[in-house]
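The chains referred to below are lettered A, B, ... by the order of the sequence lines, with proteins before strands, and numbering in each begins at 1.
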Amino acid sequence: MIHIDVNIAGWARRHNFLDALFRAGTAGFAIVVLLLLGAVLLALVRGAWPALAQFGAGFLVTEAWNPVKDRFGALAPIYGTLTTAAIAMLVGVPISFGIAVFLTETCPPWLKRPLGIAIELLAGIPSIIYGIWGLFIFAPFLQSTLQPFLIATHGELPWIGELFAGPPFGIGVLTAGLVLAIMVLPFITSIMRDVFETVPPMLRESAYGVGATTWEVVWNVVLPYTRAGVVGGVMLGLGRALGETMAVTFVIGNAHRISASVLAPGTTISATLANEFTEAIGELYISSLFALGLILFAITFIVLALARLMLARLKRQAGS
Amino acid sequence: MNALSRYAVRGMAIAAAAVLWTGAASAQISGAGATFPYPLYAKWAEAYRAKTGIALNYQSIGSGGGIKQITSKTVDFGASDMPLKPDELAKAGLVQFPTVMGGVVPVVNIAGVKPGELKLTGKVLADIYLGKIKTWNDPAIASLNPGLKLPSQAIAVIHRSDGSGTTFIFADYLAKVSPEWGDKVGVNTSLQWPVGFGGKGNEGVAALTSRAGGAIGYVEYAYAKQNKMTHVLLANRAGDFVAPDSTSFQSAAANADWEKAPGYYLLLTDQPGKGSWPITGATFILMHANAEKPEIVKQVLQFFDWSYRHGDKLAEGLDYVPMPDKVVGLIEHTWKQIKDANGQPVWTGPVM
């Protein structure tokens, strides 16, 4: 008896030790992430310091980007980043919503799987392929179709005329926004589809049972039930649109200018970094690029924080 | 005497073999920088390796990157299309010398216009890049091209989005022919462009130019030639319209007075001469004046010595203009500035 007791105690001790080791190990991995994040932030701040010290808060609101005179400002890339992401969301979210509704509500069962797989494949295409396609096929197509149409129909209007002014060149802010819209589509769609499918069939069937149309079911039953997930999907798409580099670099025109027209060329933070980092000469120039990186970091952080905040609010509302 | 000299010859042969053997053993020299001469350096390296077994590892990361890497001593030599000024060289402790010359070529994409048909002056080119001339049928362009049917299409101005020695040479030319360019934009490897679209690298500019209707861009000559792009004729300082080719580059290069240029800081744009192509430039090598690894430095210098002596054909085949022999003598004299820890020049003359 005693003999067995000792054995059990030993086994338990060893078990406890392994368990502690395992816990410490996993905690260690988690800490590595925090350390990495801290190190990246530190490196960015250190690299950006000379530019921030030189230009101060003015860096954020200056449009100039002049390597000849060593005057740098982040306004044009910030503007381009936000505008292209906004266009991508404006176009991408409604389409994703439509696809997700079709897939979960009205799609014939035999089409459901192939269509779902096709959308996921779209997410697997490397961004450089989108860039090449955007430059060689999509941009010339826009130059001869959508852009002349927009200029002819909207170019003369007051207020919004400014948005569609100028000659059609194919590449520019609008093209970049549209390519981004296509790129975020699969992400938003697949999350929306997944969360729509979590709606209990009883809720849906009841709504149909009392005579609701498909639209009424989606708008009044499915969407309220899945709000948090939908917001999460949109934010994921937005995060991707803000940080996308290669595809945007191909089609945005890489010009450090703020133009009222979406047909004009612009630049984004990530495109500027991709273009200029390797060839930047001079401390202030390199430091300004680091500062741009820091700003992108901050923008992404703010977007994520806002998403969390919205989700928390939604949860509270749902609870009350 | 006879026996003695025989011994001496034998000894020298053994010494030479030893030098070659140590060369083959360490086997690799590394450089980084300008993309403009990369195709040529690759050819030279291939031929040199076949001859000596010494391999050159050259990364074409761009002139800015080349300057950065040689300054931080991660490579044996840096390469740049933008020469450093003598005071910058002294400050960084670097020695600079040119390897080959070449041309930058404006290319266009206008429906119905074939290579060499469109004529432009430097002033008009500058005004296009300043955004003052906006359409192809502008009177300033039309008056230069009476026989050519030009569309009312808007001009899509294409430039480099990355820093580039090609941009430096191009901007230097525009500043020489247009005071307004010098005032408003200036000269550097990257600029604040008043108008237009940016493409990354020669290939980025080429892609945008060939895709956007009504586009004008500028690329390095070999790139324009290999891709059969529509080059323009440019008016040079003598007022003649010339086509970009090795003859017109050589004509511009013939004016280069390297002897009177301290640190070889010399820009070959807007040179006189009836047949001179106006946007011509040289590309440069940067090395540290204090050789920390004299053996490797010596191998680098031997490589360039061999290339100057035996690489002219390869250079001409790729449409670069080789350095005249007189200038090569001058350059190899400059190499005496590169010294080892004891203050002795590393370069003692060619072994082959």
Is it the side chain or the backbone of [X] that comes within 4.5 Å of chain A heavy atoms, both, or neither?
X      : result
B:K200 : both
B:T189 : side chain
B:S210 : neither

key: Atom pair CD1 (A:I171) and CZ (B:R211), whose distance is rounded to the nearest 0.5 Å   =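 A:I171 atom CD1 to B:R211 atom CZ measures 11.5 Å (nearest 0.5 Å).
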B:L191 side, atom CG; A:H256 side, atom NE2 - distance, nearest 0.5 Å =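 NE2 of A:H256 is found 11.5 Å from CG of B:L191.
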query = Under 3.5 Å, side chain of A:E279 to main-chain N/O of B:S63, donor-acceptor pair present?
reply =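 Looks like yes, one N/O pair under 3.5 Å.
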query = Just by distance, do the side chain of B:N188 and the backbone of A:P67 share a donor-acceptor pair under 3.5 Å?
reply =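 Judged by distance alone, yes, a pair lies under 3.5 Å.
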[X] atom [atom1], neighbour heavy-atom count above 12 within 6.0 Å:
X      : atom1 : result
B:E88  : CD    : yes
A:E162 : CD    : no
B:Y38  : OH    : no

ask   = Do you know which of A:F250, A:W65, A:F277 has the most heavy-atom pairs under 4.5 Å to chain B?
value = A:W65
Part of [X] lying under 4.5 Å from any heavy atom of chain B:
X      : value
A:I281 : side chain
A:F136 : both
A:A271 : neither
A:I132 : neither

Between [X] and [Y], which heavy-atom pair has the shortest distance, and what is it?
X      : Y      : result
B:G196 : A:P265 : O-CG, 3.6 Å
B:I155 : A:F169 : O-CZ, 3.6 Å
A:N254 : B:H159 : O-CE1, 4.0 Å
A:R257 : B:W193 : NH1-O, 2.9 Å
B:K184 : A:K69  : O-NZ, 4.0 Å

message = Going by ring-ring contact (aromatic ring centres under 6.0 Å, His included), name the residues that satisfy it together with A:Y79, two or more places apart in sequence or in a different chain.
response =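 Residues passing ring-ring contact (aromatic ring centres under 6.0 Å, His included) with A:Y79: none at all.
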ask   = Just wondering, do B:V185 and A:V68 contact through their side chains at under 4.5 Å, heavy atoms?
value = no
ask   = Do A:L135 and B:L208 touch side chain to side chain, with heavy atoms closer than 4.5 Å?
value = yes
query = Which residue out of B:A154, B:S161, B:G64 racks up the most heavy-atom pairs below 4.5 Å with chain A?
reply = B:S161
